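What you are looking at is a predicted structure, and each value in this text was computed from that prediction instead of being measured. Residue numbering restarts at 1 for every chain, and letters A, B, ... go by the order of the sequence lines. Reckoned from all heavy atoms, side chains included, excluding hydrogens, waters and symmetry mates.
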Amino acid sequence: MQDHYDPAAIERAAQDYWDRTAAFAARENSGGRKFYCLSMFPYPSGRLHMGHVRNYTIGDVLARFMRMQGRTVMQPMGWDAFGLPAENAAMQNGVPPAQWTRDNIAYMKGQLQSLGLAIDWRREIATCDPAYYRWNQWLFLRMLEKGIAYRRTGVVNWDPVDQTVLANEQVIDGRGWRTGALIEKREIPMYYLNITRYAQELLDSLEDLEGWPERVRLMQANWIGRSVGTEIGFAYGPDLARLMGAEGRLKVFTTRADTLFGATFLAIAAEHPIATAVAAHDEGIAAFVAECKRGSVMEADLAMQEKKGVRTGLHVLHPFTGKPVEVWIANYVLMAYGEGAVMGVPAHDQRDFEFALRTGIPIETVVKSATGAYITVSAPWQDAYGEHGVTVNSGEFSGLDYQAAVDAIAAALEARGIGRKRVQFRLRDWGISRQRYWGCPIPLIHCPACGDVPVPEEQLPVVLPEDLVPDGSGNPLTKTAAFYACGCPRCGADARRETDTMDTFVDSSWYFLRFASFDNAQAMVDERVRYWMPVDQYIGGIEHAILHLLYARFWTKVMRDLQLPSVDEPFSNLLTQGMVLNHIYSRDLAEGRRQFFDPAQVTSTERAAGGKRFTTQLPGGAVVDVQYQGLGKMAKSSNNGVDPQQLVERFGADTVRLFVMFTAPPEQTLEWSDEGVLGSSRFLRRLWTIVHEHVAAGPAPALETSALDGGQKALRRIAHQTLAKVTDDIGRRRTFNTAIAAVMELLNALGRFTDASAQGRAVRQEACAIVAVCLSPIVPHVCHALWQALGHEGALIDQPWPRHDAAALVQDEIEISVQVNGKMRARVSVAAGADEATVRAVVMADERVRRFVGMAQPRKMIYVPAKLVNIVV
RNA sequence: GCCCGGAUGGCGAAAUUGGUAGACGCAAGGGACUUAAAAUCCCUAGGGGGCAACUCCGUGCCGGUUCGAUUCCGGCUCCGGGCACCA
């Protein structure tokens, strides 16, 4: 007998066995329904963090479970290998991003393998590999042909000191993170993908995604944001027509056409052509427009800034009354939504109301509540009346309810050709151009004579040079003639290659298709996609609930429409794992820069007078004050990721897997703490000991279920209850923590079971085997070893998942809870099949029940079969 | 600011369809074994009151529906995620 649990040796042996037998090589049509199990591929940041361990263990549990259920499982793995952190690391260390990335991949692959994941590594892909990203380029060109990809200008964060475009993450409080300079918005040409063309389908098919969490479907639906409203063209007043040099109409989009008669101003975005035209002649307005262009492009910043506006002095004419309506420029109007202009109705919109109070714009009530009360608003302590009601003071449209008013007004506008009902989506087209080096080159050539010329297909891929080191002052590709200097494919003249690269969301929008066609050098995807897709189970962080999942759904539909092997929806079932959060500590350096610390290094904590917590930490003996920043997601940029490697080395992969699955249900946010990991280690040692003590006594005799005594039946009942519960918890509920708790209870029962008789040993043998099977998806190495120790032929991974024996669950007596007036008062035992009358009689005969009911006459008795009786007195 | 979640013992959590609140585990305390420690095993444990039988309170806060609410509804507070260039 191996008398002590040695995870290192056990895990090596099990992993050797799986490697030797190529146990996880996925082959099409190898019997059983296919099950494509996919976890979101990692960014190779350097080391795994606990979020990865959680993600990949969940996937692995499901992959192994489904395999034992007889499915043909594919679980692949890849690397989301392009991105900003590689450039930052390059700047810090002077190492090219390619080298840094590949080193990280090699290290992290070893870490993943040490976890014993049932992955088909033959299918491994890295998005920075030209053999992968050439297909990004190829499909982009197909999209260009179809008009799905197009070029227009877009707004970016501009750092005037480094003369470079910054990502939102690199803008802190409106300043560049390296220079501390105030950030400006800048408009530059970019390529866009026309995702809005698919907005309706992306919205509609959410309804069919029954295997997705409701909250994700809701978030996506709100993000797409379909609204039905009315487009209204306000005729230019004479002053505006003069400025613009022609008659014209200023279009707005509104969902509240019923309030049109209350529109006392129009507000346009600072980027609106009219704003640009006014600013050219008016210094004050030019200053305001310039002010709006300062700061970052982030929506959160825009939405929280103080609402400001400036009067243009220009007017449009109300379409029904002909009255002049003032035009304002406001910082809260988004050029990207609707027409970049809104009508302001202070009486019926809270934001407009507050704006009007500050600026003296008139407030005109045009809707009253349907119940009749006449509502007027005009004072600062009041609120706008934003409810749907009945129109008043609206000329021929007065006295109508919301829908009737909207319909009548839209019809009247349409009859005059100055407005119409239409659908507006909040979703915007996807800008994919990035002014960065470490990404997939956009395959275009700019020719002075021919314009933008696509790179011919036979010249793909446009290979990214891998030896450049960025220095923070823009994209090094723009300084590398060997990359950008080229001939025009059309006329042969000297031309310049596009130096922008693609958003890394492009790389992750179709990698799940490539896993099915991983070795095809001739085509992006092939017929094997039709076998494996859609992904049966996708697992990843809730932080990807909108962007990644929406882009992947869009890209999949585009490929379908380009007649490539694809599907309508890529992911049938989605499990969004909760974030693994950790505490964040930092200190401020000069120039608004900030240094982050590993929480494990923070040694002592004191509370400062100001209320914020300051702590002291000792990296290599030095003591510095650090600031507590609260809880946050584990990220390389805040240096708060826990390295699971130390835990794996100390306790073994099984302990780490068990712990991370036991600590919380998968969808829940997890505040990281490695207290408790000892308990998981202890449990596995106990499991090892109990099974080996049983095995040491020699082979168990055959089980005879008809010959069992009460204690033997009881253990067998627990074992089969556990099997049934684990099957349901993993297979349906995905609550791995409760599955583990159930097995712990079974193991506790096994520990108390001392029956050394022949049938006692037979029951124990069966129970031990059930434990090994139930835990094998979660802690596969130790279960692999225990299965052998229990004397079984063949590997546990190849065993079919057993069904519980329903006969073992039968109980003679059951317990009924008794409440009096809804409060728990007693418990009574009744025969398992007892009818209601019998149960009532037993309950009323119970001494405790009689005491609580007393002399009172029961008014009512609620009976929940086999569970509960509530006596109401 | 907007959209989406979450809140239950000292801690992580459980309660699956409105029906026994706190399963399972961590940390803690007590005990056994041991020269000792580690390891292991046993016991205790939501809070208050009571010698005890027992009893009252208790699932973020306020209110509602119900025989019965951690669970459903309305209103808040705090925390987390996302907000289109972090991935």
Novice: Could you give the distance separating B:C11 and B:C2 at their C1' atoms, to the nearest angstrom?
Specialist: 35 Å
Novice: Should A:Phe82 and A:Tyr133 be marked as a ring pair (Phe, Tyr, Trp, His ring centres under 6.0 Å) after you check the CA-CA gap, both sets of side-chain angles, and the distance that decides it?
Specialist: CA-CA 10 Å; A:Phe82 277 134; A:Tyr133 68 68; 5.6 Å; yes
Novice: Take atom CZ of A:Phe659 and atom P of B:A13, then tell me their distance rounded to the nearest Å.
Specialist: 10 Å
Novice: With a 4.0 Å cutoff (strictly under), does any side-chain N or O of A:Thr738 reach OP1 or OP2 of B:A14?
Specialist: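 No, outside the criterion.
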Novice: For the C1' atoms, the ones on B:C24 and on B:C72, what distance do you get once it is rounded to whole angstrom?
Specialist: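 B:C24 and B:C72 have their C1' atoms separated by 28 Å.
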Novice: Return the pairing partner of B:A45 with a 3.5 Å limit on both distances, Watson-Crick or G-U wobble; otherwise return none.
Specialist: none
Novice: State which of B:C54, B:C4, B:C57 makes the closest approach to the side chain of A:Arg851.
Specialist: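 Selected nucleotide (nearest to the side chain): B:C54.
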Novice: For B:A37, which nucleotide is its Watson-Crick or G-U wobble mate, given both distances must be under 3.5 Å?
Specialist: none
Novice: Taking only N and O in the side chain of A:Asn737, is any of them less than 4.0 Å away from OP1 or OP2 of B:G25?
Specialist: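 Looking at the OP1 and OP2 atoms of B:G25, neither is under 4.0 Å from any side-chain N or O of A:Asn737.
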Novice: Please state whether the base of B:U16 and the side chain of A:Lys725 form at least one donor-acceptor pair under 3.5 Å?
Specialist: yes
Novice: Go ahead and name the base partner of B:C72; Watson-Crick or wobble counts if both distances stay under 3.5 Å, otherwise write none.
Specialist: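 With both distances under 3.5 Å, B:C72 matches B:G64.
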Novice: Would you give the length of the straight line joining atom NE2 of A:His694 to atom OG1 of A:Thr689, rounded to the nearest 0.5 angstrom?
Specialist: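 One finds 14.5 Å between NE2 of A:His694 and OG1 of A:Thr689.
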Novice: Distance between the P atoms of B:U16 and B:G10, in whole angstroms?
Specialist: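 Rounded to whole Å, the distance is 23 Å.
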Novice: Hey, is CD on A:Glu675 packed in by over 12 heavy atoms from elsewhere, all under 6.0 Å?
Specialist: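 Open: at most 12 neighbouring heavy atoms sit under 6.0 Å from CD of A:Glu675.
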Novice: To the nearest 0.5 Å, how far apart are CD1 in A:Ile546 and CG in A:Asn222?
Specialist: 8.0 Å
Novice: Under a 3.5 Å cut-off for both contacts, is B:C24 paired Watson-Crick or G-U wobble with anything, and if yes, with which nucleotide?
Specialist: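 Because both required distances fall under 3.5 Å, B:C24 counts as paired with B:G12.
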Novice: Rounded to whole angstrom, note down the P distance from B:A36 over to B:G50.
Specialist: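 After rounding to an integer number of Å, I get 40 Å for this pair.
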Novice: With a 4.5 Å limit on heavy-atom distance, are the side chains of A:Val506 and A:Cys440 in contact?
Specialist: no
Novice: Among the nucleotides B:A15, B:G19, B:C86, which one has an atom lying closest to any side-chain atom of A:Arg733?
Specialist: B:A15
Novice: Both distances under 3.5 Å, Watson-Crick or G-U wobble: report the partner of B:C78, or none.
Specialist: B:G6
Novice: Checking base pairs now: Watson-Crick or wobble, both atom distances under 3.5 Å. What partners B:C86?
Specialist: none
Novice: Tell me: CE of A:Met108 to C1' of B:A87, nearest whole Å?
Specialist: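 Nearest whole value for this atom pair: 12 Å.
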Novice: Can you confirm whether the side chains of A:Ser227 and A:Gln424 place a donor and an acceptor under 3.5 Å from each other?
Specialist: no
Novice: Report which part of the nucleic acid A:Met190 touches: base, sugar-phosphate, or nothing (heavy-atom distance under 4.0 Å, all strands).
Specialist: base
Novice: Looking across every strand, which nucleic acid part, if any, lies under 4.0 Å from A:Ser673 by heavy atom: base, sugar-phosphate, or nothing?
Specialist: nothing
Novice: Which part of the nucleic acid, if any, lies within contact of A:Pro665, taking any heavy atom under 4.0 Å across all strands shown: a base, the sugar-phosphate backbone alone, or nothing?
Specialist: sugar-phosphate
Novice: Taking atom C1' of B:C42 as reference, at what distance in whole Å does atom CZ of A:Arg686 sit?
Specialist: 12 Å
Novice: Paired with B:U59: which nucleotide, if any, by Watson-Crick or G-U wobble criteria at under 3.5 Å for both distances?
Specialist: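 The answer is none; no pair meets the criterion.
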Novice: Measure CZ/A:Phe41 against P/B:A87 and give the value in whole Å, please.
Specialist: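 After rounding, the reported distance stands at 11 Å.
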Novice: Whole-Å distance between B:A87 P and A:His52 NE2?
Specialist: 13 Å
Novice: Decide side chain to side chain donor-acceptor pair (under 3.5 Å) for A:Asp301 and A:Ser296; before the verdict, give the C-alpha distance in whole Å, the side-chain angles of both, and the deciding distance to 0.1 Å.
Specialist: CA-CA 7 Å; A:Asp301 290 348; A:Ser296 81; 2.5 Å; yes
Novice: Give the B/S/- string for nucleotides 63-84 of chain B, one per nucleotide from 5' to 3', where a protein heavy atom under 4.0 Å of the base yields B, of only the sugar-phosphate yields S, and otherwise -.
Specialist: ----BS-----------SSSBB
Novice: Take atom P in B:G19 and the same atom in B:A69, then report the distance between them in whole Å.
Specialist: 11 Å
Novice: Sticking with atom C1', work out how far B:U55 lies from B:A38, rounded to a whole angstrom.
Specialist: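 Approximately 44 Å lies between the C1' atom of B:U55 and that of B:A38.
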Novice: Name the nucleic acid region contacted by A:Leu84, choosing base, sugar-phosphate or nothing; use a 4.0 angstrom heavy-atom cut-off, strictly under.
Specialist: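 Counting heavy atoms under 4.0 Å across all strands, the contact made by A:Leu84 is with sugar-phosphate only.
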Novice: Counting heavy atoms not belonging to A:Arg650, are there more than 12 under 6.0 Å from its CZ?
Specialist: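 At most 12 heavy atoms, drawn from other residues, nucleotides or ligands, come within 6.0 Å of this atom.
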Novice: Using a 4.0 Å heavy-atom cut-off, does A:Asp728 contact any base of the nucleic acid, only the sugar-phosphate backbone, or nothing at all?
Specialist: base
Novice: I'd like to know if A:Arg732 reaches the base of B:U16 with its side chain such that a donor and an acceptor end up less than 3.5 angstrom apart.
Specialist: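 Per atom types, the contact qualifies.
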Novice: Nearest to the side chain of A:Arg685 - B:U40, B:G19, B:A23?
Specialist: B:U40
Novice: A:Val156 near the nucleic acid: base, sugar-phosphate alone, or nothing, with a heavy-atom cut-off under 4.0 Å?
Specialist: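 Base, at least one base atom sits under 4.0 Å.
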Novice: Assign B:G9 to syn or anti; the rule is syn for a glycosidic angle within 90° of 0 and anti otherwise.
Specialist: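 Base orientation: syn.
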Novice: Could you measure between the two C1' atoms, the one in B:G12 and the one in B:C67, and give it in whole Å?
Specialist: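 The same atom, C1', in both gives a distance of 35 Å.
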Novice: Between A:Pro42 and A:Met77, is any pair of side-chain heavy atoms under 4.5 Å apart?
Specialist: yes
Novice: Rounding to a whole Å, what distance do you find between A:Ile224:CD1 and B:C4:C1'?
Specialist: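 Distance check: A:Ile224 CD1 to B:C4 C1' gives 15 Å.
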Novice: In whole angstrom, what separates A:Phe683's CZ from B:C26's P?
Specialist: 11 Å
Novice: How do A:Phe852 and A:Tyr43 order along RNA chain B: which one's closest nucleotide is nearer the 5' end?
Specialist: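 Nearest nucleotide further toward 5': that of A:Phe852.
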Novice: Does B:C41 have OP1 or OP2 under 4.0 Å away from a side-chain N or O of A:Arg682?
Specialist: no
Novice: Find the distance A:Arg734:CZ to B:A14:C1' and express it as a whole number of Å.
Specialist: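 Spelled out: CZ on A:Arg734 to C1' on B:A14 is 20 Å.
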Novice: Rounding to the closest angstrom, what is the interatomic distance between B:G81 and B:C26 at atom P?
Specialist: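 One P to the other, the span is 30 Å.
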Novice: Set out, in order, the CA-CA distance, both residues' side-chain angles and the distance that settles ring pair (Phe, Tyr, Trp, His ring centres under 6.0 Å) for A:Tyr511 and A:Trp79, then state yes or no.
Specialist: CA-CA 9 Å; A:Tyr511 74 108; A:Trp79 307 94; over 10 Å; no
Novice: Nearest-nucleotide wise, let me know which of A:Glu214 and A:Ile740 is further upstream toward the 5' end of RNA chain B.
Specialist: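 Its nearest nucleotide being more 5', the pick is A:Glu214.
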Novice: Could you label the plane-to-plane angle of the A:Trp430 and A:Phe554 rings as parallel, tilted or perpendicular, counting under 30° as parallel and over 60° as perpendicular?
Specialist: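 Perpendicular, since the angle between the ring planes exceeds 60°.
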